[in-house]
Amino acid sequence: MADNGSTLGETLDKVDTYLRLQSEIAQELRKGFMHLAEAKYVLGPDTLSQFSYDRRMQASVFCSSKSEDLDLDAAVREIHLDPIHAEPSSMAGLRSRKPVRKEDSEGEGGDSSADAIRQPGEDDAKDIDSNKMSDVAAASPTLTFKKKDPIFMFSGFPPKSLRDAQSSFKRVLDIVQSVDLPSSSNDRM
Amino acid sequence: MAHQKDRSLIAVIGDEDTVTGLLLAGVGHVDSKQKPNFIVVDAKTTLSTLEDAFIEFTKRKDIGIILINQHVADDIRSLVDEYHQAFPTVLEIPSKDHPYDPAKDSVLKRVQKLFGDDQR
């Protein structure tokens, strides 16, 4: 009896939360539709229509189950290259150069001089390679493939209204992700 | 049976503005078989096309959530109300011209039905 009461209470709380989130979704959608209408006015109605959809588009936003620790933001971060949080390459920077081994050349005798003659060539090649590698590494710190922003499907230079519309719809997805359907708890009753 | 973590796509069934907006947000996906995870419903869309799209999305193993405009869900209300699977989750959302009506929401109807069954 007590269990039924607590489950009933939980369900009612979930219904309340669900209705509140639906109201938030409606608010964000209203803003999104308004910005979209502005963007249509700026770009033209044919530009923002189903005929402009890229037939090879790939999703850049995914939903994740609540049982996993991964949330929507983390999922999006995984897909998009985040240069600020990317791990720095071991080559460390665009202009890094391999340090000259002065101690080795000074400490040893003829061999070192011979080595010193030979090594600079090798070292130069290595330096060139390491510089190239550091350039490449700096340009793309990780090998994650960056997906194209879907906004560019509609315009190469998207107006502010289109970006605002995109933000509003992204917020809608954030709210959708947090919706916990009240009927799911009833399955346990 | 598909694992929960494989169901990562968000499908959309709605009017052009809703689908365009959500595609802007990044949910749009066309797979290797040229099957999109969205469908634009307009005046020319037949009921059978709509029903087939809904059934197809509910059977796909890579879709976790289906967002459907409530006025579109009204056209296939019997199908939506009879849908009881946990995944993909079906969520009714308002459109530009049709506000959200909690009385029509299939999720709330199911909760109401359960409460009604408990009170008997």
Practice problem: Following the transitive rule for hydrophobic clusters with a side-chain heavy-atom cut-off under 4.5 Å over Ile, Leu, Val, Met, Phe, Trp and Tyr, establish whether A:Leu21 and A:Leu29 coincide in one cluster. | Solution: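 Yes, same cluster.
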By a 4.5 Å heavy-atom criterion (distance strictly below it), what part of [X] contacts chain B: side chain, backbone, both, or neither?
{"X": "A:Ile151", "value": "both"}
{"X": "A:Gln22", "value": "side chain"}
{"X": "A:Phe152", "value": "neither"}
{"X": "A:Ser168", "value": "neither"}

Heavy-atom proximity to chain A below 4.5 Å, by part of [X]:
{"X": "B:Asp31", "answer": "neither"}
{"X": "B:Asn37", "answer": "neither"}
{"X": "B:Glu92", "answer": "backbone"}
{"X": "B:Thr18", "answer": "both"}
{"X": "B:Leu67", "answer": "side chain"}
{"X": "B:Val19", "answer": "both"}

Do the charged groups of [X] and [Y] touch, with an N to O distance under 4.0 Å?
{"X": "B:Asp81", "Y": "B:Arg77", "value": "yes"}
{"X": "B:Asp17", "Y": "A:Lys40", "value": "yes"}
{"X": "A:Arg20", "Y": "A:Glu24", "value": "yes"}
{"X": "B:Arg60", "Y": "B:Asp62", "value": "yes"}
{"X": "B:Asp15", "Y": "B:Lys96", "value": "no"}

Exercise. Answer with yes or no after comparing the ring centroid distance for B:Phe57 and B:Phe38 against a 6.0 Å cut-off, counting only values under it.
Key: no
Best-contacting candidate, [options], against chain A by heavy atom pairs under 4.5 angstrom:
{"options": "B:Pro94, B:Pro99, B:Gly28", "answer": "B:Gly28"}
{"options": "B:Asp105, B:Leu22, B:Ile65, B:Val30", "answer": "B:Val30"}
{"options": "B:Ile63, B:Leu9, B:Asp42, B:Leu23", "answer": "B:Leu23"}

Exercise. Sort out for me which of A:Arg55, A:Arg56, A:Met34, A:His35 touches chain B most, counting heavy-atom pairs under 4.5 Å.
Key: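 Max contact count across the listed options: A:Arg55.
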Quiz item: Is atom NZ of B:Lys104 surrounded by more than 12 heavy atoms (other residues, nucleotides or ligands) closer than 6.0 Å?
Solution: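 Not more than 12 within 6.0 Å, no.
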Practice problem: Measure the spacing between CE of A:Met57 and CE of A:Met153 and express it to the nearest 0.5 Å. | Solution: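 One finds 4.0 Å between CE of A:Met57 and CE of A:Met153.
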